[in-house]
Participant: 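Take this structure first; my questions come after.
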2 protein chains.
Amino acid sequence: MKLGHMSVPGDCNRISPILSHVGNKWAALTILVLSERPKRYNQLRREIETISQRMLTVTLRGLERDGLVAREVFAHKTPPQVEYSLTPLGETLVQPLFALCEWSALNCTEIERNQAAHDGEAGDPHASVA
Amino acid sequence: MKLGHMSVPGDCNRISPILSHVGNKWAALTILVLSERPKRYNQLRREIETISQRMLTVTLRGLERDGLVAREVFAHKTPPQVEYSLTPLGETLVQPLFALCEWSALNCTEIERNQAAHDGEAGDPHASVA
DNA sequence: CTGAATCCGCAGGGATACTG
DNA sequence: CAGTATCCCTGCGGATTCAG
């Protein structure tokens with residue numbers, strides 16, 4: 001796959017999984033929350049609030065595996081204290097991710113309107129669609 | 001959810017679904033491919049190649065619903081010719097999406113190495129991990 | 001050519017309970 | 001506090017078939 005004038009180095013088949021991985025809901029939120037400063041497990045849980053403990057763990061493991069997030073255990077004993085932080089590589093992801101996040105924030109209202117309008121047309125033939 | 005100094009207008013709970021939607025593998029690729037120029041159905045199919053016809057249709061419908069992609073039917077008769085193009089709103093998504101795509105392309109090798117290294121440590125205790 | 005519809009397997013992801 | 005393990009359900013997404 002090629003992108004014409006906007007040449008993307010490498011194969012898009014290699015980047016697409018990565019894209020959908022970091023573009024992932026939980027991963028993206030985690031990166032963004034972590035971009036503020038390193039945080040502990042339950043602190044992340046509280047801040048992302050809608051995340052389940054399972055998905056937080058799974059997401060963190062995945063990001064750790066990618067080398068985007070570092071896990072530091074301060075004491076392997078009472079009470080356990082684990083801190084998660086972005087690696088340098090993870091830091092480089094923040095900006096593009098934030099850009100996309102910003103775009104979403106800026107346009108979510110319009111998108112929601114578009115969706116509602118589109119659904120209205122399709123769902124209700126009696127609507128005043130002319 | 002707040003992002004501290006990098007204030008994101010609106011609620012992250014509203015943007016996260018959008019983010020995961022446009023960050024979606026097929027949606028992202030479709031937008032990117034369409035950013036080059038408007039294209040027809042089977043042309044998209046060929047260029048994204050790995051996509052199934054079902055997912056292409058589903059993805060296009062979703063993007064259409066969001067108002068990111070426009071669908072234009074040139075003739076509703078023999079042979080049907082349908083062209084898909086980005087809407088102005090869709091155009092605004094190209095840049096941030098491309099930035100993320102670029103990041104993936106730049107770092108996919110390092111990520112793959114990180115993954116391999118991480119898997120090596122965990123998967124094989126006999127590895128020379130010191 | 002441009003789809004819609006159906007079947008179906010598999011992974012994502014939530015809830016809950018248990019552990020160190 | 002910081003996880004792990006299990007259950008289980010939903011939806012993604014591929015393959016195939018039918019239609020205008």
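Everything numeric here is computed off the predicted structure, so don't read it as measured data. Reminder, nothing fancy here: chain letters follow the sequence lines and each chain counts from 1.
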Participant: For A/T57, what residues pass the side-chain hydrogen bond (donor to acceptor under 3.5 Å, both in side chains) criterion, not counting sequence neighbours?
Facilitator: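 Per chain and number, A/T57 pairs via side-chain hydrogen bond (donor to acceptor under 3.5 Å, both in side chains) with A/Y41.
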
Participant: Kindly calculate the angle separating the two end axes of the helix from C/dC1-D/dG20 to C/dG20-D/dC1, each obtained from five base pairs, and round it to 10 degrees.
Facilitator: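 The angle separating the two end axes equals 40°.
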
Participant: Enumerate, atom names and distances included, each donor-acceptor pair closer than 3.5 Å involving a side-chain atom of residues 85-101 of chain B, sequence neighbours excluded.
Facilitator:
from  : atom 1 : to     : atom 2 : distance (Å)
B/T87 : OG1    : B/G67  : O      : 2.6
B/T87 : OG1    : B/L68  : O      : 3.2
B/T87 : OG1    : B/L89  : N      : 3.4
B/T87 : OG1    : B/G90  : N      : 3.0
B/T92 : OG1    : A/W103 : NE1    : 2.9
B/T92 : OG1    : B/L89  : O      : 2.6

Participant: Looking at residues at least two apart in the chain, or sitting in another chain, which of them share a salt bridge (charged side-chain N to carboxylate O under 4.0 Å, His left out) with A/R46?
Facilitator: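 Scan of A/R46 (salt bridge (charged side-chain N to carboxylate O under 4.0 Å, His left out), adjacent residues dropped) gives none.
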
Participant: When the side chains of residues 22-32 of chain A are checked against the rest of the protein, which donor-acceptor pairs come out under 3.5 Å, sequence neighbours left out?
Facilitator:
from  : atom 1 : to    : atom 2 : distance (Å)
A/N24 : OD1    : A/W26 : N      : 2.6
A/N24 : OD1    : A/A27 : N      : 2.9
A/T30 : OG1    : A/W26 : O      : 2.7

Participant: Residues two or more places apart in sequence or in another chain: which of them pass side-chain contact (heavy atoms from CB on, under 4.5 Å) with A/R71?
Facilitator: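 Only A/R61, A/E64, A/V73, A/V82, A/Y84 meet the side-chain contact (heavy atoms from CB on, under 4.5 Å) criterion with A/R71.
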
Participant: Reading DNA chain C from 5' to 3', where do the contacts with chain B start and stop? Cut-off is 4.0 Å to heavy atoms.
Facilitator: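 Contact boundaries, 5' end first: C/dC1 to C/dT6.
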
Participant: At under 4.0 Å between heavy atoms, how does the protein contact nucleotides 2-13 of chain D? Give one character per nucleotide, 5' to 3', with B, S or -.
Facilitator: SSBB-------B

Participant: With sequence neighbours excluded, tell me which residues meet side-chain hydrogen bond (donor to acceptor under 3.5 Å, both in side chains) with A/E112.
Facilitator: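 Applying side-chain hydrogen bond (donor to acceptor under 3.5 Å, both in side chains) to A/E112 gives B/R14.
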
Participant: Identify, with sequence neighbours excluded, every residue that meets salt bridge (charged side-chain N to carboxylate O under 4.0 Å, His left out) alongside A/R65.
Facilitator: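 Testing A/R65 for salt bridge (charged side-chain N to carboxylate O under 4.0 Å, His left out), a comparison that skips the adjacent residues, returns B/D119.
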
Participant: Of A/E83, A/E72, A/E47, which meets salt bridge (charged side-chain N to carboxylate O under 4.0 Å, His left out) against A/K39?
Facilitator: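 Single salt bridge (charged side-chain N to carboxylate O under 4.0 Å, His left out) partner of A/K39 among A/E83, A/E72, A/E47: A/E47.
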
Participant: Could you check whether any side-chain N or O of A/T50 sits under 3.5 Å from a backbone N or O of A/I48, counting only pairs where one atom can act as donor and the other as acceptor?
Facilitator: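 At least one qualifying donor-acceptor pair exists.
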
Participant: Residues in side-chain contact (heavy atoms from CB on, under 4.5 Å) with B/R113, at least two apart?
Facilitator: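 side-chain contact (heavy atoms from CB on, under 4.5 Å) list for B/R113, sorted by chain: B/E110.
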
